[in-house]
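The structure appears below as structure tokens.
This is a predicted model, so every value here is computed, not measured.
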Amino acid sequence: MKLPVPKFLAVTNAKIQLANGTNENGSLNIVSEFDISCRFEESNSVVYTKEGNKISLRGKAFIFEGFDNFTEDMKLGFCTVNKIKYDINFISKKYNPDGSINHIALELM
């Protein structure tokens, strides 16, 4: 069993902009924007999407607070960490055994 991500390591400041789709110009509709502290892991990996597209992931951000900002329809957006702007590839919620949310993981590209 993998150990959970420790909360005391969430010391990196991040600015997260979440969107729920695109407008007629093709740019994202930013509906939520907030500053939060997170744990950021910079890594480089190549993954394939369901459509078969090859993408390069640049890192992961783990968030331990502000869960009400993330709704199910918000799957796109941006995350700015250390003055570098990343696109959010995937948002996943990790749950405790009692059903409460432990943390939210953002895959960044």
To the nearest 0.5 Å, atom CG of Asp35 lies from atom CG of Asn13 at 7.5 Å
Heavy atoms of Ser56 and Met109 approach each other most closely as O-CB, 3.3 Å
* Determine whether Ile88 and Phe78 make a side-chain contact, defined as any pair of heavy atoms from C-beta on separated by less than 4.5 Å. => no
One should read off an interatomic distance between Asn89 CG and Ile55 CD1, to the nearest 0.5 angstrom, of 3.5 Å
Between Cys38 and Ile63 the two heavy atoms that sit nearest each other are CB-CG1, 4.1 Å
Any side-chain heavy-atom pair from Asp87 and Leu108 closer than 4.5 angstrom? no
message = Under the criterion side chain to side chain contact (heavy atoms under 4.5 Å, CB included), I'd like the reasoning laid out for Lys94 against Ile104: C-alpha separation, chi angles, the key distance, then a yes or no.
response = CA-CA 6 Å; Lys94 307 300 181 182; Ile104 293 176; over 6 Å; no
Do Ser37 and Glu65 have side chains that get closer than 4.5 Å, going by heavy atoms?
yes
Find out whether Thr12 and Val81 are in side-chain contact, i.e. whether some heavy atom of one side chain is under 4.5 Å from a heavy atom of the other. yes
Exercise. Taking side chain as C-beta onward, heavy atoms only, is Arg58 less than 4.5 Å from Asn44?
Worked result: yes
- Query: Should the heavy atoms of other residues, nucleotides or ligands under 6.0 Å from CD of Glu33 be counted, would the total exceed 12?
  - Reply: yes
Test side chain to side chain contact (heavy atoms under 4.5 Å, CB included) on Val46 and Lys54; report intermediate values, then the result.
CA-CA 7 Å; Val46 176; Lys54 182 177 167 182; 3.5 Å; yes
Q) Just by modelled atom types, is the Ser100 backbone N or O under 3.5 Å from a matching donor or acceptor in the Asp98 side chain? A) yes
Residue set satisfying side chain to side chain contact (heavy atoms under 4.5 Å, CB included) with Phe90, at least two apart, ordered chain then number -> Ser92, Glu107
Tyr95 meets the side chain to side chain contact (heavy atoms under 4.5 Å, CB included) criterion, sequence neighbours left out, with Lys93, Ile101
What one should report as the nearest heavy-atom pair of Asn102 and Phe64 is O-CD2, 3.9 Å
message = Is the ring pair His103/Phe62 parallel, tilted or perpendicular, if the boundaries are 30 and 60 degrees?
response = perpendicular
By side chain to side chain contact (heavy atoms under 4.5 Å, CB included), Ser32 pairs with (sequence neighbours left out) Leu18, Phe34, Asn69, Met74
